[in-house]
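In what follows, every heavy atom counts, from backbone to side chain, and hydrogens, waters and symmetry copies are set aside. Indexing begins at 1, ligand by ligand and atom by atom, following the structure's order. Predicted, not measured: the structure shown is a model, and the values here were computed from it.
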Amino acid sequence: MQQEIANFVFYNPVKIVFGKNRIPELASLIPDGKKVLITYGGGSVKRFGTLDRVKEALKDFEYGEFGGIEANPTYETCIEAVEKIKAEGYDYLLAVGGGSVIDGTKFIAAAAEFDGNPIDIFGKGLGKGLAIEKALPFGTVLTLPATSSEMNETSVISFKEKSAKVSFSHPAVFPQFSILEPELTYTLPKRQLANGVSDAFIHIIEQYLTYPVGGMVQDRFAESLLQILIEIGPDVVDEDNHDYNLRANFMWTATIALNRLLSKGVPGDWATHSLGHQITVLNSTDHARSLTAVLPALMHVRRKEKHDKLIQYAERVWGITEGTDEEKINAAISRTTDFFHSLDMPVSLREVGVDESDIDQLVSQLERHETDRIGEDGVQTLETSREIYLTALTNDFL
Ligand code: NZQ
Ligand code: ZN
């Protein structure tokens, strides 16, 4: 177990271009002479005019389009984009969308430059897990604050045929720049706003709720970002509330939540994500909903090893100072659950359509595509994961 802040390197080269009407600056952000492939999702960027604004900004560039990247982007769809790039000779990518489009574009950028079968970019029971050496350069225009994919080097890809959802990370897939216009969030429906608040919240929790190593910067940053989400979350999910600063604070919080600032030198958990991904593979539950359905049970089942940080979380984030340690922890879990409920997010497996007969399947996917010990210092065994899933069916402990 780590006793103090570990050695670290912090490197994040993503240029953030934040604010109102920044899309016209694409022309100066993308190097002259590049042949650009614009990538996007199921059509929201067409419906709401963002794609037209992007095309207007790129009018002096040669460009093409690749649409249809799904929520939870699939390997199969991304490979079609790689074939288009090879056939038509693009040398720059521009992702316009949420985390799925950006993650898909990261994989496309890596696969287009990969010698060999792109499945080998992934390990975890899929391919050889070879490190990539290079990727096509790309930028992003973010339309959904949630994942921080716009400012990190991770991509999460789903595999239709292999029932898997697996990530890879490499500095070659940091975006060169990301445009963050808070006003692009005005077209998001409540469900996606709630997903965004919750995903960002849980990214912070994954990097914070482990055990203390004296990382004051990491802890206080994490606690303040959690408090911002608790403060603004209920207003953010009001899809008709187009207060600019509200959405600007939401967008920037979600970006900072997983740009790696919070995780440097301190232990990370990520078991909620590992368990959540299996639910999405099982029945296509939205990413964030798969996480809120699992987290309360995980906090409860692993309360011994997370004891000190749970108390710190209770006291500093929720202001719970009365009662015994166990009462404080119970109250912190309840407050977290109430917070998700207030956003209309599920907090149990039943609410995301999972019942007891699915648990074997979830655990076996986990075994195939993750290591058998996950969480901080690998403390979470498959048996513990099963217990968390079982507890999350009903959350009777609440
Ligand atoms: O596909 P379109 O038509 O564009 O619609 C999308 C999609 O249906 C819609 N949407 C996006 N921007 C919109 C909008 N609708 C109206 N107005 C807008 N401005 O929202 C839907 C969901 O989009 P998606 O990109 O799937 O959501 P999100 O950003 O939550 O991304 C989820 C994916 O990111 C991965 C998840 O696993 C999941 O696959 N993650 C990536 C991470 C990373 N790269 O570091 C970390 C995360 O933990 C997460 O795992
Ligand atoms: Zn997430």
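- Between Glu181 and the choices Arg53, Arg247, Arg22, the salt bridge (Lys or Arg N to Asp or Glu O under 4.0 Å) rule is met once, by Arg53.
- Taking the six-membered ring for Trp and the full ring otherwise, Phe107 and Phe122 have centroids separated by under 6.0 Å.
- Scanning the protein for heavy atoms near atom 37 (O) of ligand 1, the closest one is Lys165 NZ, 2.7 Å.
- Geometrically, ligand 1 and His287 share a nitrogen or oxygen pair separated by less than 3.5 Å.
- With a 4.0 Å cut-off on non-hydrogen atoms, Phe48 touches ligand 1 through its side chain and not its backbone.
- Residue-level proximity to ligand 1 for Glu70 is absent, since no heavy atom of it falls below 4.0 angstrom.
- The protein heavy-atom contact nearest to atom 27 (O) of ligand 1 is Leu144 CD1, 3.4 Å.
- Taking the six-membered ring for Trp and the full ring otherwise, Phe339 and Phe201 have centroids separated by under 6.0 Å.
- Here the rule is side-chain hydrogen bond (donor to acceptor under 3.5 Å, both in side chains) with Arg386, and of Thr381, Thr391, Asp360 only Asp360 fits it.
- Among all non-hydrogen protein atoms, the one lying nearest atom 29 (O) of ligand 1 is Gly99 N, 2.7 Å.
- Closest heavy-atom approach to atom 24 (P) of ligand 1 among the candidates Ser44, Pro73, Ser167, Ser100: Ser100.
- When hydrogens are left out, the protein atom nearest atom 1 (O) of ligand 1 is Gly42 N, 2.7 Å; that is the closest non-hydrogen contact.
- Heavy-atom distances between Thr185 and ligand 1 stay at or above 4.0 Å for every pair.
- The closest protein non-hydrogen atom to atom 17 (N) of ligand 1 is Thr187 OG1, 2.7 Å.
- With respect to atom 45 (O) of ligand 1, the closest heavy atom belonging to the protein is Asn152 ND2, 2.9 Å.
- Considering backbone and side-chain atoms alike, Thr143 places an N or O below 3.5 Å from some N or O of ligand 1.
- Within the 4.0 Å heavy-atom shell around ligand 1 one does not find Arg47.
- With a 4.0 Å heavy-atom cut-off, ligand 1 is reached by the backbone of Leu188 and by its side chain too.
- Annotation: protein N, O or S atoms under 2.8 Å of the Zn ion (ligand 2) (waters excluded) comprise Asp199 OD1, His203 NE2, His273 NE2, His287 NE2.
- In terms of polar-atom proximity, defined here as any N/O pair under 3.5 Å, Ile69 makes no such contact with ligand 1.
- Below 3.5 Å of separation, one finds no N or O of Trp270 facing any N or O of ligand 1.
- Here Ile108 contributes atom CD1 and Ile79 contributes atom CD1; the two are 8.5 Å apart, rounded to the nearest 0.5 Å.
- Remark: ligand 1 and Lys106 share no N or O pair separated by less than 3.5 Å (distance only, no angle test).
- Between the CG atom of Leu298 and the OG1 atom of Thr272 there is a distance of 4.5 Å, given to the nearest 0.5 Å.
- From the protein, the heavy atom lying nearest to atom 41 (C) of ligand 1 is Asp103 OD2, 3.0 Å.
- Where the criterion is an N or O separation shorter than 3.5 Å, residue side chain and backbone included, Ser148 fails it with respect to ligand 1.
- A distance of 3.5 Å separates NE2 in His273 from NE2 in His287, rounded to the nearest 0.5 Å.
- Nearest to atom 30 (O) of ligand 1 among the protein's heavy atoms is Ala146 CB, 3.9 Å.
- Side-chain atoms of Lys106 come within 3.5 Å of backbone N or O of Ser149 as a donor-acceptor pair.
- The option with the heavy atom closest to atom 47 (C) of ligand 1, from among His203, Met151, Glu181, is His203.
- The shortest separation from a heavy atom of Gly43 to ligand 1 is under 4.0 Å, placing the residue in contact.
- Contact annotation for Thr50 and ligand 1: no heavy atom of the residue comes within less than 4.0 Å of the ligand.
- The closest approach between any non-hydrogen atom of Asn72 and ligand 1 is below 4.0 Å.
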